[in-house]
Amino acid sequence: MSAHGYRRYVALGDSQTEGVGDGDDLTGLRGWADRLAEHLARTDPGVRYANLAVRGRLAGAVRAEQLPVALALRPDLATVVAGVNDLLRPGFDADETAGHLEAVFAALTGQGVHVATLTFPDVGRITPLARPLAPRVHALNDRIREAARRHGVTVAETAHHEVVTDPRMWSADRLHASPLGHARIAEAVADALSLPGSGDGWARPLPPRPAPTRLRAAAGELAWAGSFLGPWLARRVRGRSSGDGRAAKRPELLPVVPAGRSAVRDGLPGS
């Protein structure tokens with residue numbers, strides 16, 4: 001038996017769990033779930049890991065498409081992180097979204113799987129134009145906590161810490177974590193799970209840096225709106241998703257590749 005007790009880890013979710021923002025489609029995406037798997041493998045090289053996450057997926061799609069596959073893989077640890085794509089939609093319903101997540105929690109824990117999830121930061125503190133979404137984030141987080149309590153799911157409470165809204169934790173699109181952000185998310189989940197070698201260092205603030213001038217900040221907002229918000233809105237109008245035509249990057253339980261290499265680079269099955 002490994003020191004942490006987990007030999008089969010399956011990750012379910014959307015673009016954050018897929019690893020968008022940490023690498024690219026050419027060199028391969030790493031992401032926080034890959035990093036968590038590497039943490040597990042440091043104390044047990046026999047750990048096997050599958051990542052079913054696909055960018056753009058709503059909570060209902062995670063439930064419909066990824067849950068049956070996850071159950072068939074019979075993991076002993078699963079992470080379930082989804083809902084942000086839902087809250088960005090005009091017709092967001094916190095109860096409906098959380099209901100899908102709770103169904104995933106219930107099915108996995110009912111099979112004896114230890115499930116972990118996390119809460120989301122206030123996106124308005126990352127992107128000022130997104131401030132109207134703050135009540136949605138709070139509503140979803142509250143329902144995730146309630147569902148987690150009912151099913152014994154471990155929650156990494158990232159929403160409470162100032163560091164999670166530091167711009168350096170986010171990629172240029174402000175929707176996906178940067179490599180540093182993905183590293184901190186992995187550390188937060190490892191800490192919540194009390195894994196060997198984990199701790200609360202992930203919550204420490206980053207070194208201070210000069211605040212941008214008002215002019216530079218305004219220019220940054222305009223550049224972001226043109227480069228990322230505009231194309232995102234265009235996809236919504238056309239009813240398209242960034243995940244259209246995509247499949248999970250790692251649909252099978254495979255040995256964990258050491259840090260610094262990726263399944264895409266090494267040509268492993270399921271990459």
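Quick note: residue numbers are just sequence positions, from 1.
In summary, of the residues considered (V20, D14, V84), a side chain to side chain contact (heavy atoms under 4.5 Å, CB included) with H176 occurs for V20 alone.
For T17 against A11, the heavy-atom pair with the smallest separation is CG2-CB, 3.6 Å.
A salt bridge does not link D76 to R7: none of the charged nitrogens lies less than 4.0 Å from a carboxylate oxygen. Electrostatic pairing of D86 and R89 does not count as a salt bridge here, judged by no charged N lying under 4.0 Å from a carboxylate O. One finds no salt bridge joining E18 and R57 here, because no Lys/Arg side-chain nitrogen approaches an Asp/Glu carboxylate oxygen to under 4.0 Å. Ion pair D25/R55 flagged as a salt bridge, since at least one NZ, NE, NH1 or NH2 atom sits closer than 4.0 Å to an Asp/Glu carboxylate oxygen. The pair R35-D22 meets the salt-bridge criterion, since a charged nitrogen lies less than 4.0 angstrom from a carboxylate oxygen.
Cluster membership for V69 and L77, using ILVMFWY side-chain heavy atoms within less than 4.5 angstrom, is shared. L118 is connected to V137 through a chain of hydrophobic side-chain contacts under 4.5 Å among Ile, Leu, Val, Met, Phe, Trp and Tyr, so both are in one cluster.
Atom CG in L108 sits 5.5 Å away from atom CG in L67 (nearest 0.5 Å). Separation of atoms OG1 (T158) and CH2 (W32) is listed at 10.0 Å; rounding is to 0.5 Å. Distance OG1/T27 to CG/D24: 3.5 Å, rounded to 0.5 Å. Considering CG of D34 and CG of L29, their distance stands at 8.5 Å, rounded to 0.5 Å.
With T97 contributing its side chain and D93 its backbone, the two residues share a donor-acceptor pair below 3.5 Å. R143 places a side-chain N or O within 3.5 Å of a backbone atom of A139 that can act as its donor or acceptor partner. Judged by distance alone, the side chain of T79 and the main-chain N or O of A116 form no donor-acceptor pair under 3.5 Å. The backbone N or O of G201 sits nowhere less than 3.5 Å from a side-chain atom of E187 that would complete a donor-acceptor pair.
Each side chain to side chain donor-acceptor pair (under 3.5 Å) pair with one or both residues in residues 195-208, not counting sequence neighbours, appears once here: D191-W202. The list of ring-ring contact (aromatic ring centres under 6.0 Å, His included) pairs with a residue in residues 8-30, not counting sequence neighbours, reads Y9-Y49. For residues 98-110, the pairs satisfying salt bridge (Lys or Arg N to Asp or Glu O under 4.0 Å) are E102-R150, with sequence neighbours left out. For residues 106-119, the side chain to side chain donor-acceptor pair (under 3.5 Å) pairs, not counting sequence neighbours, are Y6-H114, H114-T154, T119-E157. Pairs of residues two or more places apart, or lying in two chains, never qualify as ring-ring contact (aromatic ring centres under 6.0 Å, His included) while including a residue from residues 61-103.
H39 is linked by a ring pair (Phe, Tyr, Trp, His ring centres under 6.0 Å) to nothing, counting only residues two or more places apart in sequence or in another chain.
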